[in-house]
Amino acid sequence: MSFGLSIRGITMDASDVLSLCKRRGFLYPSYEIYGGVAGLYDYGPLGTAMRNNIVEIWRRLYTLGEGFVEIDSETIGPEVVFKASGHVDEFADKMVKCKVCEEAYRADHLIGDRHPNPGSLKETELDELIRKNGIACPGCGGELSSVEEFNLMFKTVIGPGSGRVGYLRPETAQGIFVNFPSLYRYNREKLPLGVIQVGRGYRNEISPRQGVIRMREFNMMECELFVDPEDKGWPRFKDVKDEKLKLLANDGRELEISVGEAVEQGIICNQVLAYFMWFTQEFLKAIGVDGARLRFRQHEKDEMAHYAADCWDAEALLSFGWTEIVGIADRGCWDLSRHIKFSGVDMSAFKRFDTPQEVERDVIKPKYGVLGPKYKALGSKIGKAMEATDPSLIQNDSVTVEVDGQSYVLGRECFDVARVKEKVSGVKVIPHVIEPSHGLDRITYTCLEHAYTKKEDMEMLRISAAIAPIKFGVFPLMARDELDKVAMDIDQEIRYSGIETYYDDSGSIGRRYARMDEIGTPYCITVDYQTLEDGTVTLRERDSQAQIRVKVQDITIVARAALCGANLDQFVVGESRA
RNA sequence: GCGGGCGUAGUGUAGUUGGUUAUCACUUAACCUUGCCAAGGUUAGAACACGGGUUCGAAUCCCGUCGCCCGCACCA
């Protein structure tokens with residue numbers, strides 16, 4: 001594919017990156033002293049710091065930038081939540097496999113109409129039906145294995161004894177949906193309402209592979225944006241409509257196109273989805289994901305999740321191939337509708353009209369004076385039922401209502417039809433949900449792999465300064481003659497100003513620079529003999545290896561300016577060094 | 001779950017017709033040295049995945065377990 005060609009030449013072995021990550025404290029395989037567990041990884045000191053930086057940038061973009069709110073919901077949920085979300089049925093498939101061709105099938109599908117409700121059967125019952133009916137592999141006719149449940153959610157029990165069945169959440173999203181009524185009230189009953197959540201999700205993957213790309217316990221940053229279903233525009237869309245996106249549409253087209261055109265041409269189904277695709281792209285670039293190795297791929301129609309109306313994945317090119325790191329879906333009203341159905345709670349939003357509308361309509365007015373004597377105690381019940389009946393249902397001058405399971409036909413003598421005026425100040429709508437959902441571990445790993453460079457056995461991470469776990473290395477050129485003391489003071493001053501540093505006085509200066517390069521520290525400050533004479537130090541930039549001299553007294557201001565990517569010329573004293 | 005491959009210091013490795021104290025490099029730490037990009041020296045630390053068997057003797061052969069990697073399948 002054409003996006004691949006532009007990056008040909010960057011060949012990467014994930015094991016190099018993972019090896020460095022383990023060696024330098026970014027990632028450790030979990031429980032390694034016991035042999036490890038596939039699909040579980042721990043973040044080391046540097047990995048944790050870096051991931052925290054990514055989360056903080058993301059959080060600020062959504063809360064400060066877009067005015068969204070953040071919540072933190074539980075990771076354990078009762079079964080009904082995941083019945084409503086569809087995960088219980090989607091996850092807990094009863095599977096059989098052909099012993100010959102190894103094709104896997106859903107057991108209940110194979111039963112077909114040999115049973116009225118195959119989906120309700122237990123494994124042993126399914127087994128029995130398959131054997132009794134001599135059902136074989138539909139593909140090759142081979143013998144089938146016994147039925148096994150493939151449950152990709154971690155099941156648990158809430159409370160002692162037999163308790164309630166619960167699951168570890170497979171996504172953070174449901175925690176937002178179930179809180180929608182409270183959040184909507186919090187937002188003073190207005191749409192749009194954006195809610196974000198950062199947290200862990202759990203999926204008992206059959207076969208986790210590829211390092212942190214598919215984990216059994218993983219970190220997500222999810223946003224659920226509730227919008228008016230009839231208005232999927234976005235106020236800031238006009239500001240970004242000329243920005244470019246690289247798209248791989250599900251009609252097979254690959255194109256680089258502006259956000260505005262993509263919506264006009266119907267490639268992306270609405271403004272708000274397109275806006276957040278751009279927003280996602282900017283976020284990813286800001287933390288150091290390589291734009292040349294980033295694209296958006298539209299889900300195939302049959303690939304689309306059970307809830308999605310349209311879905312685009314932000315994919316990064318990694319050594320494993322193009323890998324989904326963010327999914328941006330229009331989930332329509334699916335989630336809220338399901339929770340309405342399962343909980344019985346009204347989770348609609350009230351869409352107030354600008355001016356209340358007067359609506360005239362006909363209503364049935366029962367004549368209680370006639371109903372009472374005729375039906376006695378049932379009279380008022382029948383009357384209420386008649387009031388609730390639409391006058392268009394009147395047939396042959398009579399209306400039929402059902403009360404306590406009994407039908408009553410009421411003739412014209414029992415009611416009038418009257419025209420009434422009603423004030424309607426709005427309508428109830430079920431909000432639609434736009435969901436940018438980020439795989440935090442995959443994003444973190446992408447930053448590491450895209451930052452990884454190797455020159456003649458020298459490995460380094462060109463991590464963006466914004467997310468680098470250590471911002472400044474501080475060294476004395478020699479650990480003597482007071483140089484170390486001065487360097488320690490500078491180190492402390494920068495740390496106390498809120499910037500992460502690493503003090504190092506062991507080994508040659510080159511080795512110390514190399515150590516910092518390897519963990520992606522963008523800048524190093526070195527105290528040398530000139531420092532003692534004129535109060536200046538060298539500031540060395542990682543990628544260019546260029547050095548400038550700056551005043552010790554300016555050091556925290558310079559440090560801050562450097563991290564913001566500001567031009568440092570105004571701080572330079574004397575000659576710079578290549 | 002199936003098929004294949006593989007488990008030796010933090011990392012990468014040598015070592016299998018069974019044979020003394022398990023090789024080398026990098027890394028790490030301490031000291032010396034070192035006036036800006038992985039210099040050098042001395043010393044130190046650190047490994048045969050686990051369990052059982054065969055044998056006078058097992059990293060090496062056999063059996064089992066566990067784990068990892070790759071493919072198949074699965075992937076909301």
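Predicted model only: the values in this text are computed from it and were never measured. Side chains included, hydrogens not; waters and symmetry mates left out as well; all remaining heavy atoms used. A, B, ... follow the sequence lines: proteins, then strands. Residue 1 opens every chain.
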Sugar-phosphate only, base, or nothing, as touched by R540(A) at under 4.0 Å among non-hydrogen atoms: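 R540(A): base contact, heavy atoms under 4.0 Å.
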With a non-hydrogen cut-off below 4.0 angstrom, is E459(A) in contact with a base, only sugar-phosphate, or nothing?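 If one applies the 4.0 Å heavy-atom cut-off, E459(A) turns out to touch a base.
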Non-neighbouring partners of [X] that pass side-chain contact (heavy atoms from CB on, under 4.5 Å), sequence neighbours left out:
{"X": "S464(A)", "value": "A466(A), I467(A)"}
{"X": "D251(A)", "value": "A249(A), R253(A)"}
{"X": "Q553(A)", "value": "K551(A)"}

Rounded [atom1] spacing from [N] to [M] in Å:
{"N": "C48(B)", "M": "U8(B)", "atom1": "C1'", "result": "4 Å"}
{"N": "G12(B)", "M": "G4(B)", "atom1": "C1'", "result": "24 Å"}
{"N": "A46(B)", "M": "A9(B)", "atom1": "P", "result": "14 Å"}
{"N": "A49(B)", "M": "U11(B)", "atom1": "P", "result": "13 Å"}
{"N": "G1(B)", "M": "A58(B)", "atom1": "P", "result": "34 Å"}

Could you name each residue pair satisfying salt bridge (charged side-chain N to carboxylate O under 4.0 Å, His left out) that touches residues 504-522 of chain A, not counting sequence neighbours?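 For residues 504-522 of chain A, and leaving out neighbouring residues, the salt bridge (charged side-chain N to carboxylate O under 4.0 Å, His left out) pairs sorted by first residue read R23(A)-E518(A), R24(A)-E518(A), D504(A)-R515(A), D517(A)-R540(A).
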Pairs touching residues 519-539 of chain A that satisfy ring pair (Phe, Tyr, Trp, His ring centres under 6.0 Å), sequence neighbours left out: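 Checked against ring pair (Phe, Tyr, Trp, His ring centres under 6.0 Å) - neighbours excluded - the pairs reaching residues 519-539 of chain A are F472(A)-Y523(A).
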ring centroid sep under 5.5 Å plus plane angle under 30, Y513(A) with A38(B):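 Stacking is absent between A38(B) and Y513(A), given that the ring centres and planes do not meet under 5.5 Å and under 30°.
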By nearest heavy atom, map A514(A) and R24(A) onto RNA chain B; which one lands nearer the 5' end?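 Result of the comparison: R24(A).
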F276(A) and F279(A) aromatic centres sub-6.0 Å: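 Distance test on ring centres: under 6.0 Å, yes.
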How does RNA chain B look in dot-bracket notation if pairs are Watson-Crick or G-U with both distances under 3.5 Å, crossing ones as [ ], other-strand ones as |? (((((((..(((......[....))).(((((.......)))))....(((((..]....))))))))))))....
